[in-house]
Visitor: 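Have a look at this one before I ask anything.
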Amino acid sequence: MRIATWNVNSLNARLDFVLGWLEDRRPDAVCFQELKLTTEAFPYAALEAAGYRASVYGQKSWNGVAVLTREPAELVSTGLPGAEAAGARLVTARVGEWTVASVYVPNGKTLVHPDFELKLDFLARLRSHVESTVDRSRPYILGGDFNVAHTDRDSFDPDATRDAIFHTEPERRALDALLGTGLVDLQRELEPDTRVFSWWDYRGGSFHKNEGLRIDLLLASPPARARATKVWVDRDYRKKKGELTPSDHAPVVADFG
DNA sequence: ATGGCGCAGCCACTGCGA
């Protein structure tokens, strides 16, 4: 079983790039974020031709999440109760014995922007949602763009970014609280000390300089963690492919025995 | 070897992303 998460930064703009990646990596399930299209406009046909079905929660222009699966899946839920104003940012699907959820946590914009409080509220509601609705005694993966650099190790320059957005104590403690429900960060479980990023700014040659952040995470329930054999950032797919432009996020991939 | 912002929209600038 191979499960991945990937903020694609517009599925329409990225479709050919994504199809190439699916053919190359052959994941069984993928959490997509930032579809930037409505549920109706989702490219179901192109993905079905590639061997995938999709559980989708989209909206026009912004946000939008999906869980792509090779096997037929049951759509469990869309949206996060109480966080409707934040847009389409959570979808959960069940495939076989696995439950897979894709989340796109609000960016927050700046520390003094109203969206920053919305971000903290979203993370708190996400914790409550997991606590009350997810059976953590079964294989469960919450994959997504959390827009938080959890520790100093997850940032290219911990000193320069100290207390900057994505790095503040309230954001980090909100992620701690989510993990307090019993989920674990797979990357840190399997590779506690590896300095690895999942996002690099398009601007200023950030990727070339490896000035990135690790903000895309695969969170796992104990049974899912127990089966995990490998987790990695698919850095090659942050690179341009011929004429195809990459997302500013790389896929994060995990394999399970 | 790679890359130097990119995407959506009542559009050619602006808002947003992180």
Side-chain angles (χ1 to χ4, degrees), chain A residues 5-18 20-21 31-43 56 58-66 85-90 102-120 122-123 143-172 174-175 196-217 233-252:
Chain A
T5 184
W6 194 8
N7 179 324
V8 296
N9 184 18
S10 171
L11 187 55
N12 275 334
R14 208 71 56 217
L15 188 57
D16 289 340
F17 196 96
V18 166
W21 177 77
C31 304
F32 282 146
Q33 301 88 39
E34 282 210 84
L35 302 176
K36 296 188 176 180
L37 47 75
T38 62
T39 303
E40 294 70 31
F42 190 89
V56 182
Q59 75 175 78
K60 188 176 171 70
S61 303
W62 305 110
N63 312 316
V65 286
R89 294 177 180 272
L90 180 66
S102 177
V103 67
Y104 178 42
V105 173
N107 170 301
K109 294 191 177 72
T110 70
L111 299 184
V112 296
H113 194 284
D115 280 10
F116 187 70
E117 292 306 316
L118 183 144
K119 176 181 193 174
L120 296 177
F122 186 95
L123 284 164
D145 175 359
F146 288 80
N147 275 326
V148 177
H150 193 198
T151 73
D152 282 358
R153 210 151 71 249
D154 301 317
S155 183
F156 68 96
D157 191 340
D159 294 321
T161 54
R162 182 83 50 207
D163 295 323
I165 192 154
F166 289 40
H167 305 73
T168 69
E169 283 302 310
E171 291 167 294
R172 289 174 165 180
L175 195 48
V196 58
F197 306 132
S198 65
W199 170 87
W200 297 261
D201 200 308
Y202 281 125
R203 295 165 289 191
S206 298
F207 183 65
H208 172 63
K209 293 183 279 189
N210 199 25
E211 293 180 352
L213 302 175
R214 192 178 73 94
I215 55 178
D216 300 275
L217 312 176
V233 173
D234 201 349
R235 205 173 180 282
D236 188 50
Y237 278 87
R238 176 60 178 77
K239 300 173 184 173
K240 203 170 169 71
K241 299 288 177 191
E243 294 304 306
L244 301 177
T245 305
S247 168
D248 45 356
H249 297 251
V252 180

Visitor: What's the closest nucleotide to the A/H208 side chain, out of B/dA8, B/dA1, B/dG6?
Guide: B/dA1

Visitor: For DNA chain B, whose closest nucleotide is more 5', that of A/Y104 or that of A/N9?
Guide: A/N9

Visitor: Could you tell me how far B/dC11 sits from B/dG15 if I compare only their C1' atoms? Round to whole Å.
Guide: 12 Å

Visitor: Nearest to the A/R14 side chain among B/dA8, B/dC16, B/dG6, which nucleotide is it?
Guide: B/dG6

Visitor: Judged by each residue's nearest nucleotide on DNA chain B, which is more toward the 5′ side, A/Y202 or A/F166?
Guide: A/Y202

Visitor: Respond yes when some side-chain nitrogen or oxygen of A/K240 is under 4.0 Å from OP1 or OP2 of B/dT2, and no when none is.
Guide: no

Visitor: Nearest to the A/T245 side chain among B/dC7, B/dA8, B/dG17, which nucleotide is it?
Guide: B/dC7

Visitor: How close do A/S206 and A/D201 get, heavy atom to heavy atom, and via which atoms?
Guide: CB-O, 3.3 Å

Visitor: Starting the side chain at C-beta, find the nucleotide from B/dG9, B/dA8, B/dT2 nearest to A/K239.
Guide: B/dT2

Visitor: Under 4.0 Å between any heavy atoms, over every strand shown, what does A/F197 touch: base, sugar-phosphate, or nothing? Just pick one.
Guide: nothing

Visitor: Can a salt bridge be assigned to the pair A/R203 and A/D248 using a cut-off of 4.0 Å between side-chain N and carboxylate O?
Guide: no

Visitor: So does A/D145 pair up with A/R89, basic N to acidic O under 4.0 Å?
Guide: no

Visitor: Distance check, rounded to the nearest 0.5 Å: A/N210 atom CG versus A/W200 atom CH2?
Guide: 6.5 Å

Visitor: Looking at every non-hydrogen atom in both residues, tell me the closest pair between A/V65 and A/V103 and how far apart they are.
Guide: CG1-C, 4.4 Å

Visitor: Under 4.0 Å between any heavy atoms, over every strand shown, what does A/D216 touch: base, sugar-phosphate, or nothing? Just pick one.
Guide: nothing

Visitor: Considering every strand and a 4.0 Å limit on heavy-atom distances, what is the contact class for A/D201: base, sugar-phosphate, or nothing?
Guide: nothing

Visitor: Measuring only the C1' atom in each nucleotide, how far is B/dC7 from B/dA12? A whole number of Å is fine.
Guide: 14 Å

Visitor: Please list every stem that involves DNA chain B, where a stem is a run of 3 or more consecutive Watson-Crick or G-U wobble pairs with both pairing distances under 3.5 Å.
Guide: B:5-9 with B:13-17

Visitor: What are the two closest heavy atoms between A/K60 and A/T38, and how far apart are they?
Guide: N-CG2, 3.6 Å

Visitor: Contact class for A/L213 vs. all strands (heavy atom < 4.0 Å): base, sugar-phosphate, or nothing?
Guide: sugar-phosphate

Visitor: For the P atoms, the ones on B/dC16 and on B/dC10, what distance do you get once it is rounded to whole angstrom?
Guide: 14 Å

Visitor: Which word best sums up how the rings of A/W6 and A/F32 line up, parallel for under 30°, tilted for 30 to 60°, or perpendicular for over 60°?
Guide: tilted

Visitor: If you look at every strand shown and take non-hydrogen atoms under 4.0 Å, does A/G204 touch a base, only sugar-phosphate, or nothing?
Guide: sugar-phosphate

Visitor: Once you apply a heavy-atom cut-off of 4.0 Å, does A/H113 come out as touching a base, just sugar-phosphate, or nothing?
Guide: nothing

